[in-house]
Amino acid sequence: KREKKLAPRYHPGARLIFADGTPDILIYPRDRAGWGRLTRLLTLGNLRGKKGECILTLDDLIAHAFGLEMVAMGGSTALLSKLRTYAPGRVRLAASMLYRGQDRARLAKFKALAHEAQVPLIAINDVHCHQPDRRPLADVLTCIREKTTIDRAGRKLAINAERHLKPPEEMARLFHDTPEAIEETLSLSEALTFSLDELG
């Protein structure tokens, strides 16, 4: 008898890119009310910009923070501590492997920063496509977004094809020095109860 494979859980959210220099933050609504706050936040940003633009600041996020889980893609102790003040227990610092030869040193640095800011470290893969052979498509989409060509895109393109979905065993291997980051990923997934089915 073959074992049934469990499908990965899907959690709707957004990656916020800020106009005030704040590092990107991944946002996940914990429940239906959180989804409403996220959509209001995005509407606010869309109304400020031209078509296709979304202009947001850190203060905008803080004003809509209740019910939203946050994963900071970088930043300082001051930023993480500020987020933690307005979203206690709902802020994490992301750690991913870039495959550039300094991943272990980067991971140690992020671990120290998370400890200092008193937020959990969470393992992510900063995914751009679901499997490696989709990288050419991801590059084309990057060029469309950046209004350039493949020949001129240069460093705007990913340097390798590693930003794809990986099985749990591979993520555990990559983060064997910090298994708590993997545990935090699982904990966040369990905490997110919102489904787009609720909007039907």
Side-chain angles (χ1 to χ4, degrees), residues 7-18 21-30 38 56 58 61 68-84 87 89-142 145-146 153-192:
R9 291 183 65 193
Y10 170 70
H11 299 297
R15 181 173 182 150
L16 301 185
I17 302 172
F18 297 90
T22 300
D24 295 2
I25 299 177
L26 306 179
I27 301 295
Y28 298 97
R30 178 181 279 266
L38 175 57
L56 292 171
L58 179 60
L61 172 58
L68 299 179
E69 300 286 338
M70 305 179 192
V71 178
M73 301 297 287
S76 62
T77 303
L79 170 65
L80 295 169
S81 298
K82 183 173 184 178
L83 289 172
R84 189 166 51 84
R90 292 182 282 116
V91 179
R92 297 157 182 86
L93 177 63
S96 62
M97 297 299 182
L98 301 180
Y99 296 86
R100 295 179 185 173
Q102 298 178 325
D103 283 334
R104 292 293 156 214
R106 281 182 66 257
L107 189 56
K109 180 181 175 183
F110 279 119
K111 188 174 181 178
L113 175 58
H115 178 75
E116 186 176 345
Q118 299 177 42
V119 299
L121 192 68
I122 187 168
I124 69 165
N125 206 38
D126 206 4
V127 169
H128 278 193
C129 49
H130 69 293
Q131 54 192 28
D133 62 7
R134 293 292 184 171
R135 183 192 167 177
L137 175 59
D139 287 348
V140 169
L141 293 174
T142 297
R145 184 182 68 245
E146 299 291 338
R155 294 188 178 183
K156 292 176 180 176
L157 302 178
I159 64 169
N160 56 47
E162 289 296 336
R163 293 171 77 172
H164 62 87
L165 293 175
K166 293 184 172 67
E169 299 80 14
E170 176 65 6
M171 291 298 290
R173 185 189 68 78
L174 290 171
F175 286 89
H176 66 85
D177 290 343
T178 51
E180 66 274 18
I182 296 288
E183 288 298 323
E184 190 62 32
T185 304
L186 298 173
S187 295
L188 175 59
S189 179
E190 290 171 2
L192 299 175

### Query
Is there a donor-acceptor pair under 3.5 Å between the side chain of R84 and the backbone N or O of V91?
no
### Task
Quick one: do S81 and Q118 satisfy side chain to side chain contact (heavy atoms under 4.5 Å, CB included)? Show the steps, please.
CA-CA 8 Å; S81 298; Q118 299 177 42; over 6 Å; no
### Task
Grab the two heavy atoms, one from L79 and one from G74, that are nearest each other, plus how far apart they are.
CD2-O, 4.1 Å
### Task
Assess whether side chain to side chain contact (heavy atoms under 4.5 Å, CB included) is satisfied between T77 and L113, documenting all intermediate values.
CA-CA 7 Å; T77 303; L113 175 58; 3.3 Å; yes
### Summary
The reported gap from CD in E170 to CG in N125 (rounded to nearest 0.5 angstrom) is 8.5 Å
### Query
Any side-chain heavy atom of L83 within less than 4.5 Å of one from L61?
yes
### Message
Minimum heavy-atom separation for P12 and P29, please, with both atom names.
### Response
O-CD, 3.2 Å
### Task
Grab the two heavy atoms, one from A87 and one from M70, that are nearest each other, plus how far apart they are.
CB-CE, 3.8 Å
### Query
Can you find a pair of side-chain heavy atoms, one from R145 and one from K156, that are under 4.5 Å apart?
no
### Message
Nearest 0.5 Å, please: how far is CD1 in I27 from CD in E69?
### Response
9.5 Å
### Gap separating the OH atom of Y28 from the CG atom of L192, nearest 0.5 angstrom
8.0 Å
### Query
How far does CD1 of I124 sit from CG of L93, to the nearest 0.5 angstrom?
9.0 Å
### Message
Determine whether R104 and M97 satisfy the following criterion, side chain to side chain contact (heavy atoms under 4.5 Å, CB included), listing intermediate values before the conclusion.
### Response
CA-CA 8 Å; R104 292 293 156 214; M97 297 299 182; 3.5 Å; yes
### Query
Roughly how far apart are I182 CD1 and I122 CD1, rounded to 0.5 Å?
9.5 Å
### Message
Has R106 got a side-chain atom pairing as donor or acceptor with S96's backbone, closer than 3.5 angstrom?
### Response
yes
### Message
Any heavy-atom pair between the side chains of L107 and L121 that's under 4.5 Å?
### Response
yes
#### Entry: Close side-chain approach of D177 and K111, heavy atoms under 4.5 Å
no
### Test item: L80 and E116 side chains (from C-beta on) under 4.5 Å apart, heavy atoms
no
### Task
Could you tell me whether a side-chain N or O of R92 sits under 3.5 Å from a main-chain N or O of P120, the two making a donor and an acceptor?
no
### Query
Once you round to the nearest 0.5 Å, how far does CG of L16 lie from CG of L26?
8.5 Å
### Task
Take L188 and H11 through the side chain to side chain contact (heavy atoms under 4.5 Å, CB included) test and state the conclusion after the steps.
CA-CA 10 Å; L188 175 59; H11 299 297; over 6 Å; no
